[in-house]
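Below is one structure, written out as structure tokens; the observations come after it.
So you know, we letter chains A, B, ... as the sequences are listed, proteins then strands, and number each from 1.
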Protein chains: 2
Amino acid sequence: MANRSPTDPGFDPRVAYPAPIQRDIAPYMRPDPRQPEESTMLERHFMKLRARATLTAEHEQAIRGLISETRDHPADKVVVPAYVEQTHSTLLLEGFICRYKDLTNGRRQITQIHVPGDFVDLHSFTLKYLDHDIMTLTPAKVAHFPHEGLRRVTEQFPALTRIYWFNTNLDAAIHREWELSLGRRKARGRVAMLLSELQLRLELVGLADETGFAFPLTQVEISECTGLTNVHVNRTVRELREAGVVELRRGRVDVLDKEALWREAEFDPRYLYLQKRER
Amino acid sequence: MANRSPTDPGFDPRVAYPAPIQRDIAPYMRPDPRQPEESTMLERHFMKLRARATLTAEHEQAIRGLISETRDHPADKVVVPAYVEQTHSTLLLEGFICRYKDLTNGRRQITQIHVPGDFVDLHSFTLKYLDHDIMTLTPAKVAHFPHEGLRRVTEQFPALTRIYWFNTNLDAAIHREWELSLGRRKARGRVAMLLSELQLRLELVGLADETGFAFPLTQVEISECTGLTNVHVNRTVRELREAGVVELRRGRVDVLDKEALWREAEFDPRYLYLQKRER
DNA sequence: CGCCCAATTGAAGACGCTCAAGGCTTGTGG
DNA sequence: CCACAAGCCTTGAGCGTCTTCAATTGGGCG
């Protein structure tokens, strides 16, 4: 496991957490290099929203107007610390970010993986502080949405409010599916379900296809998602590879047999609410 | 354990489940005794909301006006089936209700326990169908809130909308804490954390005190919350009893040493957001 | 070309599961 | 008032999944 002492004075995450794997951040989409960044980068966010709700041009315009700034973060850096008052929410534009909770003795549980287009802490708008840390898993680009602007949305755009409310409820649905995994699936099912979910979510924003996707998590991080040890994740991944189901190596997931993967995971995608409808 | 025969004709939950603890139902408000039942039964809901947000008289009035009907359910009955279109949300007035997800071979994971005053499926307002079943654990009294009325709330009461949004985010925070339990706590920690959480949540609505609370779950159901088997729950409960931490028997939890219980659970109540503030 | 992680493998052991049997409590009916 | 049934709780024994501890290998980068 990497150096995990962010409380050290003078701690520099860029030194402590060098990029462990080569990261192909945006292999599928090539934005016009001349465009101002934010307008195209929000596209993945819109893709996610449009897959599940009706987003009007007025909404899109309002959303663009909510951004106060964009920012780049290195890998393995806490971007939203737990229990600290927040005045803005953070949208992930590029890279991977996770939510996690710690216990004593280095026991860590990642409670959700975020992909580009996700709000990583939209819930901080009503919660005011978070019950968990939020950390980059790769270098990441994010946009800040001040809570003040979100508050205006709740007052002026009830339909958009419901869409964002829906999105936090979708996060909760993912948490529930992970509870099911952690409580009742065996190791292979847990890993298979994690990969099935991420493939679907990444497909939605154009970062995966039927054959696989770029996936820069280490086996330690996968073990922190699945409630296993890195050693056992390694053995489980080998089993899945030897069974011809899925291959994980060097920052990429190759889905060899998607049907077998879903079967191994007992995967039912309905918890991801992939239906466009009024919210 | 209390009577579990909801199929009996003439079954009366008020007789089968007499108030196990003296309930201070309305410490804040004293409704007109001539009012119909609903007005006092909502009191626990208001207690929960007021503990965390500022609820105006106008909001309370609006909430009362949203109820279309109240209903009694027997124990062990699915009150909201998974994947079925919903047109109302359900508030729990009396009894215990849980959310759960199933896999093959009878593997079941309870993802949340609801206590009186909780909305059991406020998220169905934006999700439209649920990714899990909702079942009574005891005979229960509930109130129905048509989605149509909730939609009007989002259009007329932004502040109340944020309070309800906050409440679904609180559910998600509880899911995260359970993920941590299921992924990283050992058996004793899981059971201890479940009991710690429920004591706090029940205290908020006047159904628990420092010494304990009525808790009608079977060991099978506790095992479905904690990702264990009923056999291992039994052994774990015995360990906690023999250590003088907590006693579970016949539908009641006696907290013998709350500090030890919290220590065993590594319990940090901040994820329950017990602060009254603007949302 | 050597360092630093991440990945990999082996061996031993712990925690929790499975299977099975018996005990206790409560409600029902004779 | 007693006998019985049903459901839940309890305990024992053996086993399996996953953990722990300890090396070793492999790949990317300075």
Side-chain angles (χ1 to χ4, degrees), chain A residues 1-4 13-24 75-76 103 105-108 137-138 181-191 215-224 226-242 247-253, chain B residues 1-12 15-17 75-76 103 105-108 137-138 181-191 215-242 247-253:
Chain A
M1 175 176 302
N3 177 358
R4 290 283 190 189
R14 279 154 303 190
V15 174
Y17 299 109
I21 296 177
Q22 196 53 39
R23 282 133 187 179
D24 292 335
D76 298 303
L103 292 173
N105 291 106
R107 285 169 298 161
R108 172 172 295 186
L137 294 168
T138 66
S181 252
L182 293 164
R184 292 300 181 213
R185 283 184 176 96
K186 294 207 185 300
R188 278 165 45 164
R190 294 188 202 178
V191 172
F215 187 61
L217 268 66
T218 65
Q219 292 186 355
V220 167
E221 288 157 345
I222 294 173
S223 76
E224 290 169 349
T226 52
L228 304 166
T229 59
N230 59 337
V231 173
H232 201 61
V233 164
N234 184 282
R235 291 176 174 133
T236 304
V237 159
R238 180 177 53 175
E239 282 178 29
L240 289 171
R241 171 166 29 81
E242 287 173 352
E247 200 147 350
L248 254 110
R249 58 172 188 353
R250 280 184 297 141
R252 180 163 171 88
V253 172
Chain B
M1 160 80 44
N3 177 1
R4 285 281 198 179
S5 312
T7 49
D8 295 356
F11 180 83
D12 184 348
V15 173
Y17 288 90
D76 297 302
L103 291 173
N105 291 106
R107 285 169 298 160
R108 171 172 296 186
L137 294 168
T138 66
S181 251
L182 293 165
R184 292 301 182 212
R185 284 185 176 95
K186 293 205 186 302
R188 277 163 46 162
R190 294 189 201 179
V191 173
F215 188 60
L217 267 66
T218 65
Q219 292 186 356
V220 168
E221 288 157 347
I222 294 173
S223 76
E224 289 169 349
C225 293
T226 51
L228 303 167
T229 59
N230 60 337
V231 173
H232 201 62
V233 164
N234 184 280
R235 290 175 174 132
T236 304
V237 160
R238 181 177 53 176
E239 282 177 30
L240 289 172
R241 172 167 29 80
E242 287 171 352
E247 199 146 352
L248 254 110
R249 59 173 189 346
R250 280 184 295 141
R252 181 165 170 87
V253 172

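A distance of 9.5 Å separates CD in B:Gln219 from OG1 in B:Thr236, rounded to the nearest 0.5 Å. Interatomic distance, A:Leu182 CG to B:Arg185 CZ, rounded to the nearest 0.5 Å: 12.5 Å. Note that CD1 of B:Ile222 is 5.0 Å distant from CG of B:Leu248, once rounded to the nearest 0.5 Å. Distance check, rounded to the nearest 0.5 Å: CZ of A:Arg188 to OG1 of A:Thr226 gives 14.5 Å.
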Under 3.5 Å, N/O pairs linking protein and nucleotides 15-18 of chain D:
unit_1: D:dC18; atom_1: OP1; unit_2: A:Ala187; atom_2: N; d: 3.0
unit_1: D:dC18; atom_1: OP2; unit_2: A:His232; atom_2: NE2; d: 3.0
unit_1: D:dC18; atom_1: O5'; unit_2: A:His232; atom_2: NE2; d: 3.4

Under 3.5 Å between N/O atoms: give me all the protein pairs with nucleotides 8-10 of chain C, atom names plus distance.
unit_1: C:dT8; atom_1: OP2; unit_2: A:Gln219; atom_2: NE2; d: 2.7
unit_1: C:dT8; atom_1: OP2; unit_2: A:Asn234; atom_2: ND2; d: 2.7
unit_1: C:dT8; atom_1: O5'; unit_2: A:Asn234; atom_2: ND2; d: 3.1
unit_1: C:dT9; atom_1: OP2; unit_2: A:Arg238; atom_2: NH1; d: 3.0
unit_1: C:dG10; atom_1: N7; unit_2: A:Arg235; atom_2: NH2; d: 2.5
unit_1: C:dG10; atom_1: O6; unit_2: A:Arg235; atom_2: NH2; d: 3.4

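The nearest whole Å value for the distance from the CD1 atom in A:Ile222 to the P atom in C:dC5 is 19 Å. Between the P atom of D:dT10 and the CZ atom of B:Arg249 lies a distance of 11 Å, rounded to the nearest Å. Rounded to whole Å, the distance from CD on B:Glu239 to P on C:dC15 is 10 Å.
End-to-end axis angle for the helix from C:dC1-D:dG30 to C:dG30-D:dC1, using five pairs per end and rounding to 10°, comes out at 30°.
With hydrogens and angles ignored, the 3.5 Å screen pairs a side-chain donor or acceptor of B:Arg184 with a backbone N or O of A:Leu228. With hydrogens and angles disregarded, no donor-acceptor distance shorter than 3.5 Å links the side chain of A:Glu242 to the backbone of A:Glu239.
A:Arg190 is linked by a salt bridge (charged side-chain N to carboxylate O under 4.0 Å, His left out) to nothing, counting only residues two or more places apart in sequence or in another chain. Every side-chain hydrogen bond (donor to acceptor under 3.5 Å, both in side chains) that A:Arg249 has, sequence neighbours left out, goes to A:Asp254. For B:Glu247, the side-chain hydrogen bond (donor to acceptor under 3.5 Å, both in side chains) criterion is met by no residue, not counting sequence neighbours.
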Next on the checklist: Using side-chain contact (heavy atoms from CB on, under 4.5 Å), reason through A:Asp76 and A:Glu221 one step at a time and then give a plain yes or no.
Outcome noted: CA-CA 11 Å; A:Asp76 298 303; A:Glu221 288 157 345; 3.7 Å; yes
